[in-house]
Each structure stands twice: as C-alpha cells, then as structure tokens.
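Right, one structure below, let's go through it.
None of these values were measured; they are calculated from a predicted model.
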Amino acid sequence: MDATAPHPAIDPQRYFEGVETASERPEQAPVCLYLETTNRCNLLCTTCPRTYEELEPSADMSWGLFTSIVDQIPRLARAVLHGVGEPMLVKNLPRMVRYLKDRGTYVLFNTNGTVLNERNGRALIAAGLDELRVSFDAANAESYKAIRGKNFFNRILKNVRAFRELQQREGHDKPRVSAWLTGLRQTVEELPDFVRLAAASGIKEVHLQRLVFFTDHAIGLARPDQALYERLSAEEATHIDRATALAKSLGIVFSASGGASEPGMSLKRQDKHHANGSPWSLCRRPWTVMYFTANGRALPCCIAPFSQRGYENYTLGDATQQTLREIWTGPAYQNFRRALKSDQPPAACASCGLRWSL
C-alpha cells in the first residue's frame with residue numbers, strides 16, 4: 001500500500017461494523033488514537049529511549065498516512081499527536097489538528113516548548129487544539145539540562161509565557177495549557193518551585209507525571225531507584241504536600257498521580273483474583289487505544305516504546321500495509337489481548353501496571 005494515499009477499500013461509516021463480540025475481538029473501534037506525528041526530537045532526554053538508540057528510521061508521519069488512519073475511525077473521540085518525538089517540529093501539525101477537529105475529535109499533544117512561537121502558536125489556536133501539555137521536567141536551568149540534555153530552559157519559559165500572554169490578551173480559552181514534571185527522586189524537592197514557575201508563566205494546571213521505568217534494559221534516569229510511585233519517603237512526601245498547599249493558594253490545579261497511589265489511579269486491586277499480583281490484567285488499552293508510529297507501525301500503547309529494545313517484539317500491525325480493522329481484529333492483537341488476561345502477559349506489560357504513566 002502507498003503510505004501517501006488513503007486506503008482505497010475503506011468505507012469509513014461501516015468500517016468496524018460486523019466485528020464479533022468476544023474477549024479478544026472488540027465489538028467497537030478504538031476511542032483513542034496515539035499518532036506519532038514525528039519521531040524526530042531536538043532534545044536528549046535521559047528518560048526517553050530515542051536518546052539512546054534509533055527505534056525506527058527518522059520520519060514525520062506523512063499526510064497521506066495520517067488521513068488514511070484517521071478516516072477509518074470517523075467517530076474518533078480522542079487523538080494524541082505525540083510519540084517519542086517533538087510534534088511541533090512537524091510542518092503539517094496545525095493542519096492535522098484541524099482535520100481532526102472537523103470530525104469532532106478532542107485533540108492534544110505534549111511538547112517540549114522549544115519551538116513554540118507566535119506564528120505556530122496562533123496556527124494551533126486557529127486549528128482548535130484542545131490541550132497543550134508542556135514538559136518542563138525541572139524548575140531551574142541546571143536541573144533541566146541534566147534531565148533534558150540541552151540548555152533550553154530559559155527559551156521554553158520565554159516561549160510559554162509569551163503564548164499564555166497572547167491567549168489572555170486576545171481571550172483564547174483553548175488550548176488548555178498545562179505544565180508537566182516527571183516524578184524523579186532527583187528533582188522531587190523542586191516541586192514547590194515548579195508550581196511557582198508555572199504560576200509566573202500564566203499556567204493554571206500542573207502535573208507530576210509518573211516515571212515509566214523497567215528494571216530490565218533501564219535507560220538513563222528511567223531507573224527503579226529514581227521512581228517515586230509507591231516508593232515515596234516521608235521527606236519526599238513533604239515536597240508534594242508543600243506543592244499541593246502552594247498550588248491551592250495560587251489557584252492552580254495540581255495533580256500528583258506520579259507521587260503516590262491515589263483512588264482510581266493505580267491498576268492494583270486488592271481482591272481474591274489479583275491479590276497475588278497481576279495488575280496488567282486490568283489494563284483496557286488494547287481494547288480502546290491504538291498507537292501508530294511515524295512509519296505506520298501499530299504498537300499496543302504509548303508505554304510500549306519504553307519497555308523493550310526493538311519494536312519487533314510487540315508490533316501488532318502496519319498501517320501502510322493493512323487496514324485498521326485488519327490490525328485491530330487480527331491474530332496479533334487477539335493474541336496480545338489473550339496474553340494480557342493470562343498469568344503470562346506480554347513482556348512489555350509484565351510490570352507496567354505497577355508503574356505506568358497516567
């Protein structure tokens with residue numbers, strides 16, 4: 001199949017009709033797509049696998065591949081336009097947002113903010129972007145460089161402040177802008193300062209994001225000894241408590257799902273079936289979400305790229321060669337779902353339920 005052209009056999013309105021109801025064959029299309037608009041990035045983050053190896057050939061998702069995927073789910077509820085790269089490096093990004101918004105889809109993406117400027121900011125506002133998540137990952141330039149690999153901290157602050165001033169000056173409610181910090185033992189003490197930084201930048205929403213790490217094949221700072229989730233010391237908890245109180249006083253929404261287990265946040269469930277530890281069996285992403293790389297490879301979720309070296313370990317299909325229905329209901333996805341419900345889950349999922357990023 002030509003990746004630059006829509007799939008010729010698709011009837012979008014009837015595409016997923018007739019899919020039988022069974023545990024490994026979902027009765028409906030996915031409600032959310034993760035579309036890796038690019039796997040290129042201008043940073044060298046110590047918590048990201050692309051810093052340490054080439055996961056796939058460098059690419060931006062072509063317009064033809066993008067539309068051929070989106071057109072197959074005409075009633076898509078949610079689209080996340082990021083993967084392991086920086087979405088704002090993609091020239092077609094505002095056009096992609098508009099294409100999705102014209103279909104009534106809620107659209108968001110994470111950005112490092114390094115190339116956010118008035119021109120592309122206005123383009124995203126005009127396109128109707130719903131949510132812009134800025135990954136700062138530090139409260140000062142020194143920590144930022146240690147975690148993100150380059151000295152762009154002050155540039156990002158300037159860019160985000162200018163964008164928020166533009167929104168406030170012209171009365172634009174969307175996109176909703178939030179600031180994100182990955183929960184690392186190395187930087188948790190900066191959390192109150194991070195809240196102050198967000199407030200000074202005009203941001204009203206702050207999130208402490210849970211670190212995605214795996215014991216085997218650990219990368220950079222994405223290691224067990226850096227994780228906070230269910231490993232929080234009393235001293236570290238005080239930093240979260242201070243940040244929570246400070247955010248409240250500043251009128252900022254603050255979520256610390258990365259710090260501790262909160263009701264509804266953890267996949268662990270204390271009942272007879274799961275008491276011995278099979279949290280992965282509660283994950284419903286393979287029944288609701290599809291993730292496509294910039295080259296069209298179908299992966300089970302956004303965490304999969306972090307879990308094993310080599311995408312061949314958990315590739316579920318190829319959107320340049322198959323329809324989404326063929327992938328979604330095909331044997332690879334069925335086998336993946338079946339294993340997820342068993343005591344021998346896919347390797348990418350074995351410990352994910354204990355430490356996945358929300």
Side-chain angles (χ1 to χ4, degrees), residues 1 7 15-36 39 49-50 55-56 61 65 68-70 72-73 76-80 82-84 210 212-217 266-269 273-274 276-358:
M1 175 182 166
H7 194 286
Y15 193 60
F16 283 91
E17 291 181 12
V19 178
E20 64 189 69
T21 303
S23 59
E24 285 81 40
R25 288 172 64 90
E27 60 184 346
Q28 63 183 15
V31 297
C32 176
L33 288 179
Y34 275 75
L35 301 174
E36 185 181 75
N39 57 23
R50 73 166 309 284
L55 300 171
E56 278 194 329
M61 181 174 283
L65 177 58
S68 73
I69 292 172
V70 170
Q72 293 177 60
I73 311 180
L76 180 67
R78 183 180 178 91
V80 182
H82 66 246
V84 297
R210 195 170 304 164
V212 179
F213 74 92
F214 290 83
T215 302
D216 296 331
H217 307 300
S266 175
L267 286 181
K268 293 203 302 183
R269 189 173 71 189
H273 182 68
H274 296 91
N276 292 327
S278 57
W280 58 82
S281 64
L282 296 178
C283 179
R284 287 297 170 263
R285 292 192 177 196
W287 284 265
T288 59
V289 174
M290 295 184 87
Y291 180 113
F292 289 97
T293 70
N295 291 287
R297 188 189 298 262
L299 303 178
C301 69
C302 61
I303 298 168
F306 293 80
S307 59
Q308 287 180 274
R309 303 295 174 90
Y311 281 174
E312 66 277 2
N313 291 309
Y314 42 90
T315 294
L316 301 178
D318 184 344
T320 70
Q321 304 298 322
Q322 301 166 275
T323 66
L324 266 62
R325 186 179 189 277
E326 289 169 346
I327 298 171
W328 189 238
T329 64
Y333 243 115
Q334 289 187 58
N335 291 337
F336 189 90
R337 295 184 187 105
R338 187 177 298 114
L340 193 65
K341 294 167 59 181
S342 74
D343 291 332
Q344 295 182 320
C349 308
S351 58
C352 175
L354 292 175
R355 51 183 78 112
W356 68 332
S357 175
L358 295 177

Separation between [atom1] of [X] and [atom2] of [Y], rounded to the nearest 0.5 Å:
{"X": "R337", "Y": "R284", "atom1": "CZ", "atom2": "CZ", "answer": "11.0 Å"}
{"X": "I73", "Y": "L324", "atom1": "CD1", "atom2": "CG", "answer": "5.0 Å"}
{"X": "R285", "Y": "L340", "atom1": "CZ", "atom2": "CG", "answer": "11.5 Å"}
{"X": "L76", "Y": "M290", "atom1": "CG", "atom2": "CE", "answer": "11.0 Å"}
{"X": "I303", "Y": "Y291", "atom1": "CD1", "atom2": "OH", "answer": "11.0 Å"}

Check ion pair E36-R297 (N to O, under 4.0 angstrom):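 The answer is no: the pair does not qualify as a salt bridge.
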Please find the pair of heavy atoms, one from [X] and one from [Y], that lie closest to each other, and give the distance.
{"X": "W328", "Y": "P26", "result": "NE1-CG, 3.4 Å"}
{"X": "A294", "Y": "E56", "result": "N-OE1, 4.4 Å"}
{"X": "P286", "Y": "F336", "result": "CG-CE2, 3.7 Å"}
{"X": "P305", "Y": "Y311", "result": "CB-OH, 3.3 Å"}
{"X": "C32", "Y": "V80", "result": "SG-CG2, 4.2 Å"}
{"X": "G317", "Y": "Q322", "result": "CA-OE1, 3.3 Å"}

Salt bridge (Lys or Arg N to Asp or Glu O under 4.0 Å) involving R50 - partner list, sequence neighbours excluded: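 Salt bridge (Lys or Arg N to Asp or Glu O under 4.0 Å) list for R50, sorted by chain: empty.
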Would you check if [X] and [Y] make a side-chain contact, meaning some heavy-atom pair closer than 4.5 Å?
{"X": "H82", "Y": "C302", "value": "no"}
{"X": "Q321", "Y": "E326", "value": "no"}
{"X": "N39", "Y": "L55", "value": "no"}
{"X": "F292", "Y": "I327", "value": "yes"}

Sole candidate of L299, D318, L35 that passes side-chain contact (heavy atoms from CB on, under 4.5 Å) when paired with T293: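 With T293 as partner, side-chain contact (heavy atoms from CB on, under 4.5 Å) holds for just one option, L299.
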Under 3.5 Å donor-acceptor, E24 side chain and N335 backbone: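 Not at all, since once roles are kept as given, no pair shorter than 3.5 Å links the two residues.
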